[in-house]
Amino acid sequence: MLDASATSATLQRLPSAPTAEPTRLRSLAHLRRFDREQDIYGQEERSDTWYRVMSGSARKFLMRADGRRQLVDIYLPGDLFGFTSRLKA
């Protein structure tokens, strides 16, 4: 699961081609603001989108069987995340 961990986070939604030219990416990107604790996508969901943190922060965590959250990663301004492969190994 991924949610906004600061008071709020502004994310830039990028197309699923991170190798595209930076100016082209900016023209395709969409800004979206998330409130604190607001889910970006769930633990079992796959993301077909790249996100870049523009301000604030986001955190990735797993929900454990006992109901506690296990922190996996923290994303800060400039960090990219998302785009989960649909291929199974």
Side-chain angles (χ1 to χ4, degrees):
M1 183 164 286
L2 207 101
D3 71 7
S5 58
T7 54
S8 66
T10 302
L11 303 180
Q12 185 177 33
R13 185 175 180 205
L14 303 172
S16 61
T19 58
E21 297 174 27
T23 52
R24 183 167 181 263
L25 285 178
R26 279 193 294 275
S27 70
L28 296 172
H30 303 279
L31 288 178
R32 183 161 176 207
R33 184 176 197 82
F34 291 86
D35 294 326
R36 183 182 184 135
E37 304 288 327
Q38 182 180 352
D39 289 346
I40 298 167
Y41 58 85
Q43 183 171 325
E44 298 298 322
E45 297 173 344
R46 297 284 184 214
S47 174
D48 60 355
T49 303
W50 284 98
Y51 294 92
R52 186 175 88 175
V53 179
M54 301 299 291
S55 66
S57 61
R59 63 184 171 197
K60 182 177 183 179
F61 60 89
L62 299 173
M63 290 301 293
R64 297 170 47 118
D66 61 7
R68 294 184 299 159
R69 292 190 270 189
Q70 179 179 347
L71 184 63
V72 175
D73 213 340
I74 295 175
Y75 302 103
L76 302 173
D79 288 344
L80 290 169
F81 65 89
F83 193 76
T84 331
S85 173
R86 296 188 187 277
L87 300 176
K88 293 186 178 183

Taking side chain to side chain donor-acceptor pair (under 3.5 Å) as the test, write out the residues that go with R64, two or more places apart. none
In Å, rounded to the nearest 0.5 Å, how long is the span from [atom1] of [X] to [atom2] of [Y]?
X	Y	atom1	atom2	value
Y51	D79	OH	CG	15.5 Å
M63	R68	CE	CZ	10.5 Å
I74	R59	CD1	CZ	8.5 Å

How close do [X] and [Y] get, heavy atom to heavy atom, and via which atoms?
X	Y	result
L71	F61	CA-CB, 4.0 Å
V53	L76	CB-O, 3.4 Å
M54	P77	O-CB, 4.0 Å
Q38	R32	NE2-NH2, 4.1 Å

Before you tell me yes or no, could you show the steps for F81 and D73 under side-chain contact (heavy atoms from CB on, under 4.5 Å), namely the whole-Å CA-CA distance, both residues' side-chain angles and the distance that decides it to 0.1 Å? CA-CA 10 Å; F81 65 89; D73 213 340; over 6 Å; no
Check the pair Q43 / K60 against side-chain contact (heavy atoms from CB on, under 4.5 Å), numbers first and verdict last. CA-CA 9 Å; Q43 183 171 325; K60 182 177 183 179; over 6 Å; no
